[in-house]
Amino acid sequence: MKKEFSASLAATTTGDDCAVALAPNHQWWPDWLFDLLQGCGLLLLAVLLFNLLTSVSAIASTQSPEDMVLNPEWPGAGTLEWQGDNTNNNIAPGLKTDVNMQVSGLTNRVTVTQHYTNHSEQWLNGRYLFPLPENAAVDSLQMKIGERLIAGQIKPRKEARQIYEQAKADGKRASLLSQQRPNLFTAEVANLGPGQTLEIRFSYQQALDYRDGQFNLRFPMTLTPRYIPAAMLTSAAKLPEVLSLQTLMVDNTALRQEQASANRTSINIVLDAGLPLASVSSASHQIQQQPQDDGSMVITLLNALPDRDFVLDWQPQAANAPAAALYSQLGQTYNHSTDNHDTPDTSRYSLLMMMPPAVKPQTDNPRELILVIDTSGSMAGDAMAQAKSAVLYALSGLKPQDSFNILAFSSDVQPLAPQALPVTAHNIGLAQQFVRSLEANGGTEMAKALQLALPFTGDTVANESEAALRQVIFMTDGAVGNEDQLFTLIRDRLGNNRLFTIGIGSAPNSHFMRRAAELGRGTFTYIGNMQQVEQQTVSLLNKIAAPVLTDVQLHYADGTVPDYWPAHIPDLYMGEPMLLSLRERSAEQKALIVSGNLQGQFWQQQVLLQADTDKRGLDLLWARQQIASLELARSSDNAERTAKQVTALALTYHLVSSYTSLVAVDITPVNTDPQHNAVGEVANMNPAGWQAPGNMPQTATNSRLLLLMGTLLLIVAMLLGIWKRQFAATRSC
């Protein structure tokens, strides 16, 4: 062996510049291996380059005027950028918004007036994407031209679009109000002349929130850019209704933000709480309050920059805090757009709010708490600071008998530990370090986090036998566009877990978070600013330690069941009331029985149903709840049936939905050359405290991995090439 090795060594020659230290009997690295490594490196870098170019080309491409460009790989992993159908993308109509609210008890009637002004010298077609509360029942549209008001008509979505496009082509003023998501709408205006202002007015009904002894309303004024996973793009042909999210966009250029900053919103609220109030406040804005002689109060917010949600809270005096409230109305006459016949509605509609029994729940049982924190690019800035602070407060509230884990997710999921950890000083310290090191970056691949947080395998019996109550707290801004996919995942994997959501940031996606909590049999909490983090987090943890009332059911004294929504009532926690919309076919029933499981014991209470009152809009709330429930249960198997059911309901109650729109058209043509109109869009403000992520694509793609592997292979190939040349040179000597 030693001789064979020495035979391969060449003696050093003299008188020559060449010296061979090692002369192998054969070439260790054949040419084909060198070429393969070099080719692989170049191929991987080419794939990376293609990744970058396709993400940029998504911005540069255009679609039909009614769509926006969908770009899931742009900075922030999901920014969508609007593109017009011509080169006049910098033309944007000015917008002034006036909001009038009439609060009465548990309901809020809201009228939004948008004043569009064309400051350019061209005829203009404009559009504005704007958020509304996720439970808003939008039922009316008016277009004001001078002193004339033109009422909008509810039509199936495609038919309304055709009417609007024809009016636009004919040079007529027209407006179209469409729903893109339950909390996102578009208003479009056609043939707005130079220097002209067009007034679009629409109204909606909503139910108010009441929890922890405090009433609350929230009016969203901007939106956070949404992320759509790449997998959804590949299935676009199969899910066209999902990709209507192409209309969701925020263009973050400096010019667009300068245009958006010129738009202002004013809000006027007539607050008739129906009981004496201890306080009225807003944690989001400076407001003016004017008490009225009739006991109501007028609240105003003037010329606000629309960069955050407006939040108003009012608290009744302690002696007047409601334990239950019931409002009723008899049905009205509706016009069925399909046959133009008036059909009387003899039903009674009610809105029921009922607090759980005032019993302190037992909290000695151990629980497994899974804290899920969104660290995607859309959380950069204040939202990330709020979420990290909330997790740290949650850790401090754990008890020795509990266990916990933390999942941080963006493009991938980063767990603190492979499984839940016991509550010890050491583990809490590790968790605190883990949380403080988190940074916002990457895409919002929420499905991966939900799959890890809800490891349900279908064995319900096994889940029920677990001693510890397993609770998942999801902290996110909800900036996702694949809500339906995530709802299905929650429904399929929930098992005996409970899912609670915390909305973070100035403009969170409340539609996703409220529906996710509803499916997860938990609650939704909104945290609007840093000053609320500790109070809201501690309050939530105290409440969810144990539910007060479970397995809640409704029925009449004769055993029959009313038509109510949501159909599946979640567990009730301290300070969390039950809020239901009911429809009764007649007003004959006098009492409603509410029953449930109170700490292992059967419990029930009787609620007397009131006669007809002067309340209005309760029918709209019931219809909106039913539509929401139908859409929440939509799947590929029942999609066609769901579309028909939602369309019929929306046409009957004159509501905007995913399948219906409101359209208003002036009969008089005003523009003789509409085909050369400029196209502009009213820009949305970036949410306050929101920071645009960096310039590298931050998605669930493997761009970074490809870059690293390609670079390493090229380095290896380069080193082999150098060695090969040196070896060839020495052999030639």
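No side-chain heavy atom of Thr523 sits under 4.5 Å from any side-chain heavy atom of Asp571. Contact of the Thr537 side chain with the Leu541 side chain is registered, since non-hydrogen atoms from C-beta on lie closer than 4.5 Å. At least one side-chain heavy atom of Met354 sits less than 4.5 Å from a side-chain heavy atom of Gln605. Between Leu351 and Leu580, every side-chain heavy-atom pair lies at or beyond the 4.5 Å cut-off. Within the 4.5 Å cutoff, no side-chain heavy atoms of Gln414 are placed close to those of Leu407. Looking only at side-chain heavy atoms (C-beta outward), Tyr327 and Ser350 stay at 4.5 Å or farther from each other. Between Leu392 and Gln432, some side-chain heavy-atom pair lies under the 4.5 Å cut-off. Between Asp212 and Tyr210, the closest side-chain pair of non-hydrogen atoms is not below 4.5 Å.
A donor-acceptor contact closer than 3.5 angstrom is absent between the side chains of Ser539 and Asn542. Glu445 and Ser411 share no donor-acceptor pair across their side chains, judged by distance under 3.5 Å alone. Neither side chain, Asn509 nor Asp477, offers a donor N or O lying under 3.5 Å from an acceptor on the other. No donor-acceptor contact under 3.5 angstrom links the side chains of Gln471 and Arg498, judged on distance only. Using modelled atom types and a 3.5 Å distance limit, the side chains of Glu631 and Ser658 yield a donor-acceptor pair. A donor atom on one side chain and an acceptor atom on the other are not found under 3.5 Å apart for Gln315 and Asp313. Side chains of Ser104 and Thr107: no donor on one and acceptor on the other come within 3.5 Å. Neither side chain, Ser376 nor Ser410, offers a donor N or O lying under 3.5 Å from an acceptor on the other.
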Applying side chain to side chain contact (heavy atoms under 4.5 Å, CB included), run through Trp603 and Asn597 and close with a yes or a no. CA-CA 6 Å; Trp603 172 92; Asn597 189 328; over 6 Å; no
Could you go through the side chain to side chain donor-acceptor pair (under 3.5 Å) check for Gln553 and Asp551 one step at a time? CA-CA 6 Å; Gln553 305 289 332; Asp551 193 24; 3.1 Å; yes
Show, in sequence, the C-alpha distance, side-chain angles and deciding distance for Leu582 and Leu592, and conclude whether the side chain to side chain contact (heavy atoms under 4.5 Å, CB included) test is met. CA-CA 11 Å; Leu582 300 92; Leu592 185 67; 3.8 Å; yes
Side chain to side chain donor-acceptor pair (under 3.5 Å) evaluation trace for Ser279 with Ser281: CA-CA 7 Å; Ser279 64; Ser281 63; 5.4 Å; no
Go through the steps for Thr186 and Gln180 under the test side chain to side chain donor-acceptor pair (under 3.5 Å), then give the verdict. CA-CA 7 Å; Thr186 51; Gln180 308 303 328; 3.0 Å; yes
Trace of the side chain to side chain contact (heavy atoms under 4.5 Å, CB included) decision for Asp382 with Ser506: CA-CA 9 Å; Asp382 289 350; Ser506 301; 5.7 Å; no
Under the side chain to side chain contact (heavy atoms under 4.5 Å, CB included) criterion, do Ile428 and Phe404 qualify, and how do the steps go? CA-CA 9 Å; Ile428 294 295; Phe404 74 99; 3.9 Å; yes
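Ionic pairing of Asp309 and Arg218 is present here: one or more N-O contacts between side-chain nitrogen and carboxylate oxygen are shorter than 4.0 angstrom. Classification of Asp139 and Arg109 as a salt-bridged pair holds, one side-chain N sitting under 4.0 Å from a carboxylate O. Glu483 and Arg515 are not joined by a salt bridge, as no carboxylate oxygen comes within less than 4.0 angstrom of a charged side-chain nitrogen.
Between Phe219 and Tyr204, the angle of the ring planes stays under 30°, which puts this pair in the parallel group of the 30/60° scheme. The aromatic rings of His285 and Phe310 are tilted relative to each other, their planes meeting at an angle between 30° and 60°.
Contact between Pro562 and His555 at its shortest, heavy atoms only, is CD-CA, 4.0 Å. Among all heavy-atom pairs drawn from Ala390 and Val533, the shortest one is N-CG1, 3.5 Å. Nearest heavy atom pair, residue Ala516 against residue Ile490, reads CB-CD1, 3.7 Å. The nearest pair of heavy atoms linking Leu438 to Lys388 is O-NZ, 3.1 Å. Residues Thr224 and Pro687 approach most closely at OG1-CG, 3.6 Å, considering heavy atoms. Of all the heavy atoms in Thr476 and Met446, the pair that sits closest is OG1-CE, 3.6 Å.
A distance of 9.5 Å separates CD in Glu439 from OG1 in Thr375, rounded to the nearest 0.5 Å. In this structure, CZ in Arg211 is found 8.5 Å from CG in Leu540, a value given to the nearest 0.5 Å. A distance of 11.0 Å separates CG in Leu655 from CD in Gln626, rounded to the nearest 0.5 Å. Going from atom CD of Glu368 over to atom CG of Leu398 covers 11.5 Å, rounded to the nearest 0.5 Å. Phe524 CZ to His511 NE2: the interatomic distance, rounded to the nearest 0.5 Å, is 12.0 Å. From Arg634, atom CZ reaches atom CZ of Phe487 across 10.5 Å, with rounding to the nearest 0.5 Å.
Paired with Asn108 under the rule side chain to side chain contact (heavy atoms under 4.5 Å, CB included), one option of Leu312, Asn135, Leu217, Leu271 passes, and it is Leu217. In summary, of the residues considered (Leu630, Val138, Leu649, Val646), a side chain to side chain contact (heavy atoms under 4.5 Å, CB included) with Ser657 occurs for Val646 alone.
Asp492 places no side-chain N or O within donor-acceptor distance of the main-chain N or O of Leu489, the cut-off being under 3.5 Å. For the pair Thr222 (side chain) and Met685 (backbone), a donor-acceptor distance under 3.5 Å is present. With hydrogens and angles disregarded, a donor-acceptor distance shorter than 3.5 Å links the side chain of Ser629 to the backbone of Gln625. With hydrogens and angles disregarded, a donor-acceptor distance shorter than 3.5 Å links the side chain of Arg491 to the backbone of Leu632.
In this structure, Gln604 places its CD atom where more than 12 heavy-atom neighbours from other residues, nucleotides or ligands lie under 6.0 Å away. At most 12 heavy atoms of other shown residues, nucleotides or ligands fall within 6.0 angstrom of atom OH in Tyr393.
Here the two rings, on Phe512 and Phe474, have centers that are 6.0 Å apart or farther.
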